[in-house]
Amino acid sequence: MQISTYQTVYNLVKKIPKGKVTTYGLIAEKLRFVNKNINAHVVGWILHKNNNPLVPCHRVVDRNGRLAPNFAFDGAREQKRRLESEGIKFTDEMHVDLKNHLWII
DNA sequence: AAGTTGACGACGA
DNA sequence: CTCGTCGCCAACT
């Protein structure tokens, strides 16, 4: 069975270490380096469809470190709570401190 | 098969 | 800073 694009995305997101976050664009960039032509929009859309608890999608934010508006998880509030429980700090109500927590492979 | 969707990114205003 | 527009592409309907 061929690995679909979204399986590839999940596989990468699962590798995000605890206490770190990454961005949609960064994920797209890494996967493009493998072989998939993907963009940030597709990554976000794939995660939206995700229902797999093994994928720590709360560690994925947009390029500014901002959390997903209100459509993700149980709301941005819940996502923020999870990230804080992993030691991630926020510069704002909706923004992760990317400077200290951005995941770089 | 073709059109729509989408948790984004970059840029302009 | 926010908002609108365009671009990007796979999966969905």
Side-chain angles (χ1 to χ4, degrees):
Chain A
M1 166 182 171
Q2 306 256 344
I3 300 179
S4 62
T5 300
Y6 87 77
Q7 287 286 341
T8 309
V9 172
Y10 295 158
N11 185 51
L12 181 61
V13 173
K14 286 179 189 172
K15 295 179 182 175
I16 301 174
K18 182 179 179 181
K20 291 289 181 182
V21 297
T22 192
T23 71
Y24 301 98
L26 215 47
I27 292 172
E29 197 175 315
K30 294 174 193 303
L31 295 184
R32 208 181 327 214
F33 184 74
V34 176
N35 64 357
K36 300 293 183 181
N37 277 341
I38 196 171
N39 64 0
H41 212 168
V42 174
V43 174
W45 170 73
I46 285 172
L47 291 180
H48 182 179
K49 244 181 87 283
N50 176 43
N51 191 29
N52 187 340
L54 297 179
V55 180
C57 29
H58 57 278
R59 296 186 188 136
V60 184
V61 295
D62 73 14
R63 82 155 188 92
N64 298 308
R66 191 164 74 125
L67 304 180
N70 290 316
F71 302 96
F73 318 102
D74 304 315
R77 176 188 53 75
E78 176 63 16
Q79 182 177 6
K80 180 173 184 292
R81 191 186 65 72
R82 290 189 188 185
L83 292 172
E84 287 181 318
S85 73
E86 296 183 352
I88 294 175
K89 296 174 184 174
F90 285 71
T91 58
D92 194 281
E93 186 63 34
M94 288 291 287
H95 296 77
V96 173
D97 186 359
L98 282 182
K99 183 173 174 296
N100 294 317
H101 303 296
L102 181 62
W103 178 51
I104 306 172
I105 296 180

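In the text below, chain A, chain B and the rest are named by the order of the sequence lines, each starting its count at 1.
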* Asked: Excluding sequence neighbours, so at least two apart, what forms side-chain hydrogen bond (donor to acceptor under 3.5 Å, both in side chains) with A:Asp97?
  -> A:Asn100

* Would you say C:dC12 has OP1 or OP2 under 4.0 Å from some side-chain N or O of A:Lys49? -> yes

* Expressed in angstrom and rounded to an integer, what is the separation of A:Asn50 atom CG from B:dT5 atom P? -> 22 Å

* Indicate yes or no: does A:Glu78 engage A:Arg81 in a salt bridge with an N to O separation below 4.0 Å. => yes

* Measure from the side chain of A:Asn37, starting at C-beta and using heavy atoms only, and say which of B:dA7, C:dC9, C:dA11 lies closest. => C:dC9

* Asked: Does one hydrophobic cluster hold both A:Ile105 and A:Val9, with members joined at side-chain heavy-atom distances below 4.5 Å?
  -> yes

* A:Leu12 CG to B:dA7 P: how many Å, rounded? -> 20 Å

Are there any protein N/O atoms within less than 3.5 Å of an N/O atom in nucleotides 5-8 of chain C, and if so, which ones and at what distance?
residue, atom, partner, partner atom, Å
C:dC8, N1, A:Asn39, ND2, 3.4
C:dC8, O2, A:Asn39, ND2, 2.3

* **Closest-nucleotide 5' rank along DNA chain C - winner of A:Arg66 and A:Trp45** => A:Arg66

* Between C:dT2 (P) and A:Glu93 (CD): distance, integer Å -> 13 Å

* Consider only side-chain N and O atoms of A:Glu86 and A:His101, and report whether a donor and an acceptor are under 3.5 Å apart. => no

* Are side-chain heavy atoms of A:Lys80 and A:Glu93 found at a separation under 4.5 Å? -> yes

* Is there a Watson-Crick or G-U wobble partner for B:dA7 with both distances under 3.5 Å, and if so, which one is it? -> none

* To do: Specify the separation, in whole Å, of atom CD of A:Glu29 and atom P of B:dA10.
  => 9 Å

* Structure fact -> A:Tyr6 atom OH is separated from C:dA10 atom P, nearest whole Å, by 15 Å

* Hey, any chance A:Phe33 and A:Ile27 share a hydrophobic cluster, counting ILVMFWY side chains that come within less than 4.5 Å of each other, even indirectly? -> no

* **Side chain of A:Pro69 (C-beta onward), nearest among C:dA11, B:dG9, B:dA7** => B:dA7

* Given atom CG of A:Asn52 and atom C1' of B:dA7, what is their separation to the nearest angstrom? -> 16 Å

* Tell me: CD1 of A:Ile38 to P of C:dA11, nearest whole Å? -> 8 Å

* In whole angstrom, what separates A:His48's NE2 from C:dA10's C1'? -> 15 Å

* Among A:Leu83, A:Val21, A:Val60, A:Asp62, which one satisfies side chain to side chain contact (heavy atoms under 4.5 Å, CB included) with A:Leu67? -> A:Leu83

